[in-house]
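Everything below concerns the one structure shown next.
As the structure is a computational prediction, the values presented were derived from the model and not from experiment. Proteins come first, then strands; the chains are lettered A, B, ... in the order of their sequence lines, and each starts at number 1.
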Amino acid sequence: MTNVVAVAERELKSYFVSPVAYVITALFLLISGFLFSVILLQSNEATLRYLFSNLGVIWLFITPALTMRLLAEESRSGTIELLLTNPVRDFEVVLGKYLGALGFLLFMVACTLYYPLLLFIFGEPDPDVGPMLTGYLGVILQGAAFLAIGLLASSLTQNQIVAAVLTFAILLILWLSESVANFVGRPMGDVTRYLSTTSHFQDFSRGVIDTTHVVYFLSIVAAALFLTLLSLQARRWRA
Amino acid sequence: MIDVQHLTKDYGAYRALHDVTFRVEKGEVLGFLGPNGAGKTTTMRILTGYMPASSGTAKIAGYDVFTQSVEARRRVGYMPENVPLYGEMTVRGYLDFMAKIKNIPRAERKIQVERVMESTRTTERSNQLIEKLSKGFRQRVGLAQALLGNPDVLVLDEPTVGLDPKQIIEVRNLIRGLGGDHTVILSTHILPEVSVTCSRVVIINDGRVVAVDTPDNLTRRLRGSEAIQLEVRGPRAAVTARLQSVPSVTAVTIASDGRSDGVTTYNVACELGGDARELLAAAVVGGGFGLLELRQAGMSLEDVFLKLTTDETDTGSGEVAA
Ligand SMILES: Nc1ncnc2c1ncn2[C@@H]1O[C@H](COP(=O)(O)OP(=O)(O)O)[C@@H](O)[C@H]1O
Ligand SMILES: [Mg+2]
């Protein structure tokens with residue numbers, strides 16, 4: 001466990017010295033802040049519901065940039081060799097990397113907390129707390145699932161750009177598979193609808209926690225991390 | 001301390017290592033000498049558990065690097081070729097991280113980090129970012145990292161490549177000082193490097209061990225000799241003595257051991273000129289031992305030496321290692 005913490009901590013720190021991470025965070029806050037104010041002005045409602053749906057879309061573009069470096073850069077620069085020849089188990093590397101990225105995502109989410117704060121201060125009547133909490137849960141769960149997919153993509157290549165593009169492609173497919181469902185009909189449509197992140201995300205912003213949605217996102221995390229572990233371990237298989 | 005037996009490594013259809021066997025005793029500094037592409041890095045990656053061999057075994061302090069990987073890795077400090085480091089970290093931050101993943105207890109960590117920085121003389125740069133360091137300093141940080149936790153075994157892959165002559169001397173002195181406390185295996189393609197730092201040398205070429213000897217003997221052999229390989233059944237000491245009694249023989253070394261059927265492979269170095277093969281065959285048979293094979297070693301040591309870098313001043317320039 002100390003290894004996981006060490007790897008995660010190193011990863012998290014490296015975000016905070018990376019110009020890319022700052023640019024991403026700045027863009028994220030800029031766009032979400034802009035959406036927040038536009039939505040607020042138009043709807044005149046003290047709610048974050050519409051913002052949350054938009055954050056889901058923003059993740060689509062942001063998480064590939066957060067995860068592209070994780071393992072791809074380690075194999076390109078060769079630091080992975082030093083990491084894996086120390087008494088660190090492969091799953092500790094995977095978990096540590098993942099938690100580091102998740103930590104940074106949580107930091108970005110925390111930066112948006114002043115939106116609800118503003119609503120509480122100036123909203124009349126006070127906004128509903130419930131939907132805000134579930135909305136944040138949904139945003140975090142979706143981000144967590146996206147990061148795991150990004151980590152997997154990053155384990156498959158030495159090229160950060162390839163990792164980012166691959167992640168974006170997978171996320172886009174997951175994102176759009178709901179619309180596909182309308183074309184292909186049943187039973188294929190049921191499958192693609194189930195796979196689509198959109199269909200699992202909406203309930204959270206409406207203030208509902210449905211365990212099937214939670215399970216969906218956590219399954220993506222588990223599956224992607226497991227595949228990442230396999231791709232790391234493939235190196236240790238005897239040729 | 002390090003026991004490598006019949007290692008073979010295939011990269012797809014390409015065989016990078018053929019039946020590599022050697023041992024390194026405790027406290028020894030072993031030079032792993034061979035031209036570029038000989039298979040040095042491949043061997044070291046197998047030894048450090050980075051990748052598996054296709055067949056054969058390697059043990060570190062008795063732990064198999066494949067089946068007991070984590071235990072073996074605990075005992076090894078490794079400095080990979082080209083010294084990959086995290087550029088965005090400070091020297092101290094990096095060493096602290098490495099100390100953590102080497103599971104050095106918290107109380108000891110700070111002391112250890114200071115100690116290795118002291119012994120590699122990187123303390124003055126401890127708060128600098130690694131990406132801002134010169135090649136020489138990066139090399140020392142790589143070495144510092146390998147020394148953390150005082151591992152029994154140090155595996156150093158081309159530790160002096162890309163350094164200027166002054167830095168080379170420094171690093172070599174440092175490595176020489178490590179013998180005794182540590183068992184060191186260092187690879188190089190520079191001939192003089194081994195005579196300066198190593199007590200014994202394994203020469204590898206095209207994935208095969210072609211000689212195992214002390215640097216002094218190697219230099220002697222370099223002056224002119226011929227290598228003949230014999231497979232003989234019989235007690236080693238007696239066979240070795242018998243072989244040495246042949247007039248033109250200058251050195252007899254055991255190329256492989258670990259076979260249970262009493263057959264041992266010997267490398268015999270002879271003076272140049274005058275074919276010693278007949279005499280050797282007669283000596284073995286006359287001694288009552290079983291001669292299974294006798295052949296001129298595929299490539300004479302000299303051919304291998306020709307491929308090595310012998311010029312100290314040209315260390316590594318343009319040598320972008322594979
Ligand atoms: N990952 C790899 N895939 C395919 N071939 C490789 C790989 N690594 C090394 N080789 C080949 O194996 C041989 C030995 O390489 P290496 O162990 O790096 O030699 P050295 O370190 O002695 O220069 C070379 O011919 C090299 O091209
Ligand atoms: Mg090499």
Please determine whether the number of non-hydrogen atoms from other residues, nucleotides or ligands lying under 6.0 Å from atom [atom1] of [X] exceeds 12.
{"X": "A/Phe226", "atom1": "CZ", "value": "no"}
{"X": "A/Lys13", "atom1": "NZ", "value": "no"}
{"X": "B/Tyr11", "atom1": "OH", "value": "yes"}
{"X": "B/Glu118", "atom1": "CD", "value": "no"}
{"X": "B/Arg115", "atom1": "CZ", "value": "yes"}
{"X": "B/Lys59", "atom1": "NZ", "value": "no"}

Roughly how far, to the nearest 0.5 Å, is CD1 of B/Ile101 from OG1 of A/Thr85?
-> 8.0 Å
What residue in A/Gly78, A/Gly96, A/Ser18 has the most heavy-atom pairs under 4.5 Å with chain B?
-> A/Gly78
Go through the atoms of A/Glu74 and report whether side chain, backbone, both or neither lie under 4.5 Å from a heavy atom of chain B.
-> side chain
Go through B/Phe97 and A/Glu9 one step at a time and tell me if the side chain to side chain contact (heavy atoms under 4.5 Å, CB included) criterion holds.
-> CA-CA 9 Å; B/Phe97 168 68; A/Glu9 193 187 334; over 6 Å; no
Side chain / backbone / both / neither for [X] at chain A, heavy atoms under 4.5 Å:
{"X": "B/Tyr94", "answer": "side chain"}
{"X": "B/Gln145", "answer": "side chain"}
{"X": "B/Met79", "answer": "neither"}

Taking the side chain as C-beta and beyond, is there a heavy-atom pair between [X] and [Y] under 4.5 Å?
{"X": "A/Thr2", "Y": "B/Asn103", "value": "yes"}
{"X": "A/Asn86", "Y": "B/Tyr78", "value": "no"}
{"X": "B/Val70", "Y": "A/Arg89", "value": "yes"}
{"X": "A/Leu83", "Y": "B/Tyr86", "value": "yes"}
{"X": "B/Glu88", "Y": "A/Arg10", "value": "yes"}

Any sub-3.5 Å donor-acceptor pair from B/Arg73's side-chain atoms to A/Val88's backbone N or O?
-> yes
Of all the heavy-atom pairs spanning A/Leu82 and B/Pro84, show the shortest one and how long it is.
-> CD1-O, 3.6 Å
